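Working notes, beginning with the structure itself.
As the structure lists them, so they are numbered: ligands from 1, and atoms in each ligand from 1. Please read all numbers here as calculations on a predicted model, not as lab measurements. Numbers here simply count residues along the sequence, with the first being 1.
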Amino acid sequence: METKRIAVIRGDGIGPEIVTQAVAVLERAADRFGLSLAFDEAEMGGCAIDRCGQSLPEASLQTCLRADAVLLGAVGGPRWDGVPKENRPESALLRLRSALGLYANLRPARLMPQLADASPLAPAVTARGVDFVVVRELIGGIYFGEHRTETVDGQPVATDVMRYSRGEIERIARTAFETARRRRKHVTSVDKSNVLDCSRLWRATVDAVAAAYPDVTVRHMLVDNCAMQIVRDPSQFDVVLTENMFGDILSDEASMVTGSIGILPSASLGAGSRGLYEPIHGSAPDIAGTDAADPIGTILSAAMLLRYSLDAPEAADAVEAAVAAVLDQGFRTADICPAGQTPVGCAELGRRIADAV
Ligand code: IPM
Ligand code: MG
C-alpha cells in the first residue's frame, strides 16, 4: 500500500491543540480504512520566527512541496504584529499557498441540524436551510498585487494593487462550475463590477466559462448585496464564486450564519491532487492553551483532506459522520454550547470524535 505523506503545520495560538485532535482523528480513520499515512512536522508562523527568525523556513516549504497534503492549524498573533511585513506569519501563509499553486479555496458553509440553535439568524430564516460553498480565488487579486507605502507631499500614501488576468479568472470559474455540478447546480458570481475593472473582466470571463456548463445556472451579484443576502436568506446560495479579498470577508460572514467560526473547514486546491487544509478561523490567542478551542473546523478540514487529496471518500464520510454523532450526543465546546449546559474541552471533544470514527 502506498504511504501518503501529510505535512503538519501546527502554527500558533490554538493551532497546536486543534491539530493534535485532527491528527488523532486521521490516524483513527487510517486504521479503520486501511490507509497508510506518514506525518511530517513543518514549522511555520510566529513559532518559526521565534525559533529561527523566518516565518516560512525553506525546510518547511520543502516538506510541504514533497507532501501529498498539508494540514494546518492557524498562524499569527499580536506577539508578532511588529515583525516586518515580508516576514509576518500571515505572509508565510500567503507564500505557501502561492508556492503550492493553490488557486482554489473551497469553504463550505452548512448549518448542521444539531447546531440550528447556535445560528444568530432567526429560526424562520435558517429553517429554509443553509448549505453553500464559497469558492474563493486564493493566489491573485489585491493580496498579491504590489503593496507600497511612500511619502507624497509630506504625508504617507499607501498603494495596494488589485490585478487579475483572464486565465486566473477562468480556472477558478471552472472550479466553481465543476463544484456546482456535484451540488445543486447554481453559481452566484460575486463582484463589484459597478466600480472595478477587475470585476468587469471577472463578469465577462465567468459568462464565457458558463457557456461550457449549460446544466449549471449562473447569476451575478454585487458584493455589498451578497453580504446582505447571506444574512437575509442564505438558502438562495449553492456555490458562491468570488475573488480573493471578497471571499475572505464573505466566508467569515458565512461562518457565523452556521453557528460558529470554529466549525468551518476549508480546502485549498491547485491543478494536482495536493491540497492545503485548514479551518477558516485564526489562531485565537485569547484562548490558546486553555483547552477551550473548538477542534471541529480542523477535523472537518482533515475530512476534506481525505476526500480531495487522498481519494478516500469513505474515510471522509466516516469522519463527518463521527462529528455529527458526537454533536447528536450533546457534546459541545464553549463556542457552540447553549447557556446552562457545560461545555467539554478541545481534547475531550476530539477524543470522542476519533472514537466515533
Ligand atoms: C483566511 C485568513 C488569511 C487570509 C489571513 C490569515 C492571511 O484570514 O484564511 O481567511 O486572509 O486569507
Ligand atoms: Mg479570513
Side-chain angles (χ1 to χ4, degrees), residues 9-15 18-19 22 44-49 55-56 60-61 64 70-81 83-109 132-145 147 160-162 164 168 172 190 223 226-227 230 240-258 260-270 275-286 288 293-294 296-298 300-302 304-305 335:
I9 302 175
R10 297 174 187 270
D12 307 315
I14 59 171
I18 54 183
V19 168
M44 182 177 106
C47 56
I49 298 176
S55 58
L56 178 58
S60 300
L61 178 58
C64 295
V70 182
L71 179 68
L72 166 68
V75 294
R79 240 163 82 76
W80 303 282
D81 276 350
V83 173
K85 64 181 181 186
E86 305 74 31
N87 199 34
R88 283 183 63 102
E90 293 81 1
S91 85
L93 178 58
L94 301 189
R95 282 198 346 258
L96 180 63
R97 288 170 176 169
S98 179
L100 296 177
L102 306 174
Y103 62 83
N105 185 212
L106 272 43
R107 299 189 158 184
F132 62 98
V133 52
V134 177
V135 175
R136 169 190 178 193
E137 200 292 323
L138 200 60
I139 54 175
I142 198 165
Y143 274 50
F144 289 88
H147 304 289
D160 298 279
V161 176
M162 182 189 277
Y164 269 109
E168 287 174 311
I172 191 68
V190 176
V223 62
C226 181
I230 285 176
V240 174
L241 161 64
T242 193
E243 66 89 45
N244 203 342
M245 186 166 61
F246 297 161
D248 177 47
I249 297 166
L250 293 178
S251 60
D252 268 34
E253 188 193 9
S255 76
M256 266 338 278
V257 169
T258 67
S260 166
I261 195 167
I263 59 176
L264 284 204
S266 83
S268 302
L269 305 169
L276 167 74
Y277 302 85
E278 53 175 324
I280 79 156
H281 62 71
S283 61
D286 51 321
D294 190 336
I296 290 181
T298 319
L300 291 177
S301 299
M304 294 183 91
L305 182 157
D335 55 322

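L269 is listed as a side-chain neighbour of Y277, based on a closest heavy-atom distance under 4.5 Å.
Of the options I249, L250, T242, a side chain to side chain contact (heavy atoms under 4.5 Å, CB included) to V223 is made by L250 and by none of the others.
A donor-acceptor contact shorter than 3.5 Å is absent between the side chain of E86 and the backbone of R88.
Closest heavy-atom contact between L94 and F144: O-CZ, 3.6 Å. Pairing each heavy atom of V70 with each of C64, the nearest pair is CG2-CB, 3.8 Å.
One distance of note links CD1 of I280 with CD1 of I261; it measures 4.5 Å at 0.5 Å rounding. I139 CD1 to L96 CG: the interatomic distance, rounded to the nearest 0.5 Å, is 11.0 Å.
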When you look at I9 and S60, which way does the side-chain contact (heavy atoms from CB on, under 4.5 Å) test go after all the steps?
-> CA-CA 9 Å; I9 302 175; S60 300; over 6 Å; no
Would R79 and D12 satisfy side-chain contact (heavy atoms from CB on, under 4.5 Å), going step by step from the backbone distance to the final call?
-> CA-CA 10 Å; R79 240 163 82 76; D12 307 315; over 6 Å; no
Per-pair distances, ligand 1 N/O vs protein N/O, less than 3.5 Å:
from, atom 1, to, atom 2, distance (Å)
ligand 1, 8 (O), D248, OD1, 3.2
ligand 1, 9 (O), R97, NH2, 2.7
ligand 1, 9 (O), R107, NH2, 2.8
ligand 1, 10 (O), R107, NH1, 3.1
ligand 1, 10 (O), R107, NH2, 3.1
ligand 1, 10 (O), R136, NH1, 3.4
ligand 1, 10 (O), D248, OD1, 2.9
ligand 1, 11 (O), Y143, OH, 2.6
ligand 1, 11 (O), D248, OD1, 3.4
ligand 1, 12 (O), R97, NH1, 2.7
ligand 1, 12 (O), R136, NH1, 3.3
ligand 1, 12 (O), R136, NH2, 2.9

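Excluding waters, the set of protein N/O/S atoms under 2.8 Å from the Mg ion (ligand 2) reads D248 OD1.
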